[in-house]
Amino acid sequence: MAEIIQEEKGKGGKKRPKKGNPHMDMTPMVDLMCLLLTFFMLVGAFNKPKVMEIVLPDKIKKDQKVDPPKIAESRTLNIILGPDDKVFWYPGKAEAGMPLQVTNFSATGIREVLLDRNKALFDKIDQFKRDVISGKLNIKQDSLANAIKQLKKDDDTGPIVLIKFYKTSKYKDFVDIIDEMSIVGIARYILVDINWIEQGMVESALGMSKTAAPLTKK
Amino acid sequence: MPTKSPRIDMTPMVDLFALLLTFFMLTSVFTPQEPAPIDTPFSVSEKPKPDANIMTVVLSADNRVFFNVDNGQDTILHYRPQILKEMGKRYNIEFTPQELRKFEKYPSSFGVSIHDMKKFLATNDAKEKAVFEKGIPVDSVDNQFGYWVFYTRQINPAVQALIKGDGNAEYPLVKKVLDVLQDYNVSRFSLITNLQAVTVDVTGAKK
């Protein structure tokens, strides 16, 4: 910089032969570029939303006559999502007055319940993934997803999870429970409407006094 | 003690910086601001969001429904104005070419009833626009949201449905939206989430 100022001072005088290459102080420019570079790098890295795909079955039209699918009672697991991140669950079929188990979305909550029932399939998928990583099995990345899908399809021991929502549950619960399904590798789950027996069960579990007798219709 | 400070030739570094800066500037895509703040929940899914052929349903924390649809793979396709035109036909509202163009260029999602759309497009002020953003009606009496989905799928059959919801949106609204999507034969859709890695403790489960 000093050189440039000197040259300006010498304006008007006789022309001097140019010195070598004048040095410019590039530090501010480099600072600014560094800052912008960091900004754009971070914006690019943190701006990638992910998506979670779910598929719902086709709706049965009112005039269509379809027999409800038969599900083994012993394999069903009912999950009801309540308010304040509470997760209620019970196995089998609902009966009035049945107590609900209360748990939550933590690692030792509903995940443990599901893992316990889905251990066979989870271990199979886990083993399969490990084989792929260690190189025992050599398959492409996109066929890995298909292979896991096939494993899930062939499974006939894991639970059939019926997911129900109490009216005060939030969108977060909806995402969380589907997320749990994919973490644990549940092969069969479905979203169903809550019925009045279960509503009564939830309300009595929450300690709402007015619905203490769950047999009364809503 | 040296009298002159030593000089380092910074030119290669600056060159590299300029190159990287240009690269990152060109590759970064700015997502436009949503009209309502959306705090998406976390999941373990690592699938990236698709870039084109998407319609997004936005559910805000105060239970309003917003809708957004893109122009398709190429802006030449002009899907957005076509969809608005069909919507206008349905509700007997004639949109001028200027309004259609404005709608095409509008970057973020909208939560406006079709009857307010003309006024909404006429104003440029963000505050005035916010007055009309009451959410798209989804009830069975006035199911404008259903028609948006219907016409979007009619004009762009390759469209994929995305749901971007705030964690605090209430489930009954989510259920309503899912029902509408199912009614219009959209059974495969994706939920936009943030990535959060989870490790499952296998040994703990085996005990």
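These numbers come from a predicted model, not from an experiment. Chain A is the first sequence line, chain B the second, and so forth, proteins listed ahead of strands; every chain is numbered from 1. Just so you know, these numbers use all the heavy atoms, side chains as well, and skip hydrogens, waters and symmetry mates.
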Interface check, chain B: of A:Val30, A:Leu37, A:Thr38, A:Ile178, most non-hydrogen pairs under 4.5 Å belong to A:Leu37
Next on the checklist: Using a 6.0 Å distance limit plus a 45 degree cone around the ring axis, check whether B:Lys129 lies over the aromatic ring of B:Phe120.
Outcome noted: yes
Ranking B:Ile163, B:Thr27, B:Val186 by heavy-atom pairs under 4.5 Å to chain A gives rank one to B:Ile163
Counting only heavy atoms from other residues, nucleotides and ligands, does the tally under 6.0 Å from CG of B:Asp15 exceed 12? yes
Test item: side-chain donor near acceptor, A:Gln199 and A:Asn195, under 3.5 Å
no
Whatever's closer than 4.5 Å to a heavy atom in chain A on B:Leu181 counts as neither
| task | Could you tell me whether B:Glu133 and B:Arg64 make a salt bridge, using a distance below 4.0 angstrom between a side-chain N and a carboxylate O? | result | no
Per-residue tally against chain A (heavy atom, under 4.5 Å) across B:Met10, B:Glu170, B:Gln182 peaks at B:Gln182
Turns out that what part of B:Thr40 lies under 4.5 Å from chain A's heavy atoms comes down to neither
Basic-acidic side-chain contact under 4.0 Å: A:Arg111, A:Glu180: yes
To the nearest 0.5 Å, atom CG of B:Leu59 lies from atom CZ of B:Phe66 at 10.0 Å
Cut-off 4.5 Å, heavy atoms of chain A, and the answer for B:Val44 is both
If one checks every heavy atom of A:Asp173 against chain B at 4.5 Å, the contacting part turns out to be neither
Bottom line for B:Asp39: the part with an atom under 4.5 Å from chain A's heavy atoms is neither
Between B:Glu86 and B:Lys89, is there a salt bridge with N-O shorter than 4.0 Å? yes
If one checks every heavy atom of A:Ser182 against chain B at 4.5 Å, the contacting part turns out to be side chain
message = Please verify the inter-ring angle class for B:Tyr147 with B:Tyr151; under 30° counts as parallel, over 60° as perpendicular, anything in between as tilted.
response = parallel
Counting heavy-atom pairs under 4.5 Å with chain B, the top scorer among A:Ile54, A:Val175, A:Leu81, A:Asp193 is A:Ile54
Given B:Asn168, B:Leu162, B:Asn194, B:Leu178, the one with more heavy-atom pairs under 4.5 angstrom with chain A than any other is B:Asn168
From the list B:Met25, B:Lys164, B:Lys175, B:Met13, the residue making the most non-hydrogen contacts under 4.5 Å with chain A is B:Met25
Applying a strict 4.5 Å limit to non-hydrogen atoms, the region of B:Phe23 in contact with chain A is neither
Q. Between A:Lys170 and A:Asp85, does at least one N-O distance fall below 4.0 Å, as a salt bridge requires?
A. no
Counting heavy-atom pairs under 4.5 angstrom with chain A, the leader among B:Lys47, B:Gln160, B:Lys49 is B:Lys47
Rounded to the nearest 0.5 Å, the OG1 atom of A:Thr27 sits from the CG atom of A:Leu32 at a distance of 12.5 Å
Chain A shares the most heavy-atom pairs under 4.5 Å, among B:Leu173, B:Thr193, B:Leu195, with B:Thr193
